[in-house]
Amino acid sequence: MSNSENNVAGQQSHHDQGHRAQHHRQIKFGWRWLPWVLAAASLMAIVPIRILAHTFDFALANLLTVLLGGVAWVWLTVALWLSHWPRMWWKVLAFVPLVALAVSLALFQFERVDGDLQPHFRFRWSATNKLPALGVPKDSGPTIPADLLVPRDSDYPQFLGINRDANLKAVNLETNWNSSRPQIAWKQEIGDGWSSFAIQGDVAVTMEQRGDEEWVSAYNVLDGALLWKYVIAGKHANVMGGTGPRATPTIADQRVFACSAVSRVVCLELASGQEVWSRELLDLAATNQSDFERQVAWGRSASPLRIENKLLVPLGGTSDSKQTLIAFEASTGEELWRSGTDQISYSSPQLAVLGGVQQVILISETQLGAYAIDDGRPLWSTPWPGSSSGSASVSQPIVVDESHILISKGYGEGAKFLQVGQVDGQWQVETIWANNRVLRTKFTSCVVKDGYAYGLSDGILECVALSDGQRQWKNGRYRQGQVLLVGEHLLITSEAGEIVLVKIDPQNFDELARLQVIGDVTWNTAALSGNRLLMRNSDEAACVILPMLTGQ
């Protein structure tokens, strides 16, 4: 090969090497920029999620925000590691958050998450409000004076009131809280749990966790004094759902019927708390607590339903032989019947009259079903998707009239309006409308007034027309609180522990007044008897005297 040819070949080789080097630099330059792009994209994706959170689910929005923030942190660390910047930069970004997390865990103790999946902490050395059972005698208290037990028309004897519909029609509240402000009669610590109060006369009964014991406890409505308690050994605890009982006791015929979060259903004397009878539901379902809680993750939440001589309680189980509902003889605890094969949910059985027939309706894990009172035979059912270890059903079905039922739930399911009746002796269920964008009630239930439904949809108050399922308005964020229909007003207990008064108006949202009463994470339903509103959460209980219009 000649010198000229060698020179040409050398130049070509040098050119090829330069081209390859440039190509390599371009690839390396591209790879160095890719983590920056991915980090920026992750952070930018958070913006629409936060803006649109009110349109789907604040809990899901918070979860996605944390996940995307974590992804952005990883990619930023990688970007700094690949860059020409000093190595100290990526080391600081990688390790300082981890050190801060370790220090935080050393200083703070996790308590619970709220309805939006935001964690709540306290200093590890601060006093805890988890009341122990130690030092308290185990026997029930003395007999309650008879004058405290005198029934009234305004009694609130079970979950969501006398008809389990959160509707107190005959109450007229004073709406000007500037001139007639509600008064907090008493406020005190209480044990863990999400139960509400059942009230007869001046006696209120609830359930709470004290140490490793579940209590059925009776309080004096007038001053908050503990009157008696009944002790059940056991404890349900879940990181997402909290600790303690969640069912509300039922008062009927001077007796208290209560169901623990773990297993026991009991009948007690209202006057003393003495046991009349008790049954272990886990034994009846042939299972144990750990196996059962793998399928029903947040414990037994259904409030017992007393009808005639029967007490109805969701049963559940862990095998193909699980049964939905069980009935006991109310005075003796003798088992009368079992019915259904669907796993239980967190909704409570309730009495309904549909198609002229009195029946029990219950939302279980995957359906809404109806059962005959005398023998439990299934009358009708309709699918209602859910999972008692995931997208749980909590909300009560709302019986609008003898032909129509409104059902609702969170987790993106929304609401459905049903027509129920008999045709030629056969039960039929027809869906009038379904809308997954409205009434996404998570830990609460709707109320219905004059053809409109009102409920906390992903934590925001919403009004929906029953005629077509269309939203009229959505306003006022009270998070995962509760709603009572009181006369012509909505009385809301917000998750933050406030009471809020809202005028019922299908055309406009009109908040009239509000008052802070107890602390955050108030998921428990309130109970109103006369002018006394009993509130509680997993830390505190309070009695608020509400101003009434003249004559109330």
Side-chain angles (χ1 to χ4, degrees), residues 45-68 113-118 194 238-241 295-298 301 342-347 362-369 381-398 405-418 429 431-448 452-466 468-483 494-495 521 523:
I46 293 175
V47 176
I49 289 173
R50 302 314 306 174
I51 293 175
L52 299 174
H54 68 283
T55 65
F56 57 103
D57 188 323
F58 283 100
L60 179 59
N62 289 338
L63 181 61
L64 291 174
T65 298
V66 171
L67 290 175
L68 288 170
V113 294
D114 63 19
D116 292 339
L117 291 184
Q118 297 179 122
W194 306 119
N238 182 283
V239 172
M240 299 288 289
Q295 294 193 26
V296 184
W298 298 289
S301 300
D342 198 27
Q343 182 62 275
I344 67 174
S345 69
Y346 305 93
S347 186
L362 173 67
I363 292 179
S364 50
E365 184 174 46
T366 64
Q367 67 177 32
L368 166 65
S381 66
T382 187
W384 190 230
S387 167
S388 293
S389 59
S391 56
S393 292
V394 177
S395 306
Q396 292 296 114
I398 307 301
I405 298 177
L406 174 70
I407 53 179
S408 64
K409 70 174 290 183
Y411 307 100
E413 197 64 40
K416 186 181 288 189
F417 195 50
L418 306 172
V429 182
T431 298
I432 297 177
W433 56 258
N435 188 343
N436 63 8
R437 300 188 305 276
V438 302
L439 298 177
R440 293 186 294 196
T441 54
K442 205 170 203 178
F443 305 153
T444 182
S445 300
C446 298
V447 294
V448 169
Y452 295 90
Y454 301 84
L456 295 177
S457 183
D458 287 326
I460 302 176
L461 186 62
E462 185 174 50
C463 174
V464 172
L466 292 180
D468 56 9
Q470 295 305 302
R471 178 187 298 135
Q472 304 302 293
W473 50 258
K474 186 176 184 180
N475 206 333
R477 186 172 179 226
Y478 307 110
R479 297 163 56 204
Q480 308 307 326
Q482 303 290 341
V483 180
S494 74
E495 185 175 330
V521 196
W523 293 339

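Note that these values count all heavy atoms, side chains included, but never hydrogens, waters or copies made by symmetry.
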request  = Measure the CG-CG distance between Leu63 and Leu68 for me, rounded to the nearest 0.5 Å.
outcome  = 9.5 Å
message = How close do Leu406 and Ala415 get, counting heavy atoms only, and between which atoms?
response = CD1-CB, 4.3 Å
ask   = Looking only at heavy atoms, what is the nearest atom pair of Thr444 and Gly481, with distance?
value = CB-O, 3.3 Å
Note, Val464 side chain near Asn435 side chain (heavy atom, < 4.5 Å) = no
Exam field: side chain Lys416 to backbone Trp384, donor-acceptor pair closer than 3.5 Å = no
Side-chain donor or acceptor of Tyr411 paired with backbone N/O of Lys442 under 3.5 Å = no
inquiry  = Checking Ser393 against Ser347: is there a side-chain donor and acceptor pair closer than 3.5 Å?
reply    = no
note = Smallest heavy-atom separation, Asp342 atom then Glu365 atom, equals OD2-N, 3.2 Å
Atom pair OH (Tyr346) and CD (Gln396), whose distance is rounded to the nearest 0.5 Å = 14.5 Å
remark   = Scanning both residues in full, the closest heavy-atom pair of Phe58 with Ile460 reads CE1-CD1, 3.9 Å
query = Hey, does the side chain of Arg50 reach the backbone of Thr65 with a donor-acceptor pair shorter than 3.5 angstrom?
reply = no
request  = Quickly, which of Arg479, Arg477, Gln482 forms a side chain to side chain contact (heavy atoms under 4.5 Å, CB included) with Glu495? Name it, please.
outcome  = Arg479
query = Judged by atom type as modelled, is there a donor-acceptor pair below 3.5 Å linking the side chain of Ser457 to the main-chain atoms of Arg440?
reply = yes
task = Kindly say whether Gln470 contributes a backbone atom to a donor-acceptor pair with the side chain of Trp433 at under 3.5 angstrom?
result = no
request  = To the nearest 0.5 angstrom, please state how far the OG atom of Ser345 sits from the CH2 atom of Trp298.
outcome  = 11.5 Å
ask   = Can you name the nearest heavy-atom pair linking Val429 to Ser381, along with the distance?
value = CG2-O, 4.4 Å
inquiry  = To the closest 0.5 Å, what do you measure between OG (Ser387) and CD (Gln343)?
reply    = 9.5 Å
message = Quick one: does any side-chain atom of Glu462 pair with a main-chain N or O of Leu439 as donor and acceptor, under 3.5 Å?
response = yes
ask   = Out of curiosity, Ile407 CD1 to Ile398 CD1, how far, rounded to the nearest 0.5 Å?
value = 11.0 Å
query = About how many Å separate CG of Leu466 and OH of Tyr452, when rounded to the nearest 0.5 Å?
reply = 9.0 Å
inquiry  = With a 4.5 Å cut-off on side-chain heavy atoms, are Val394 and Ser301 touching?
reply    = no
query = Can you find a heavy atom in the side chain of Val483 that is under 4.5 Å from one in the side chain of Tyr478?
reply = no
query = Do the side chain of Lys409 and the main chain of Ser391 share a donor and acceptor less than 3.5 angstrom apart?
reply = yes
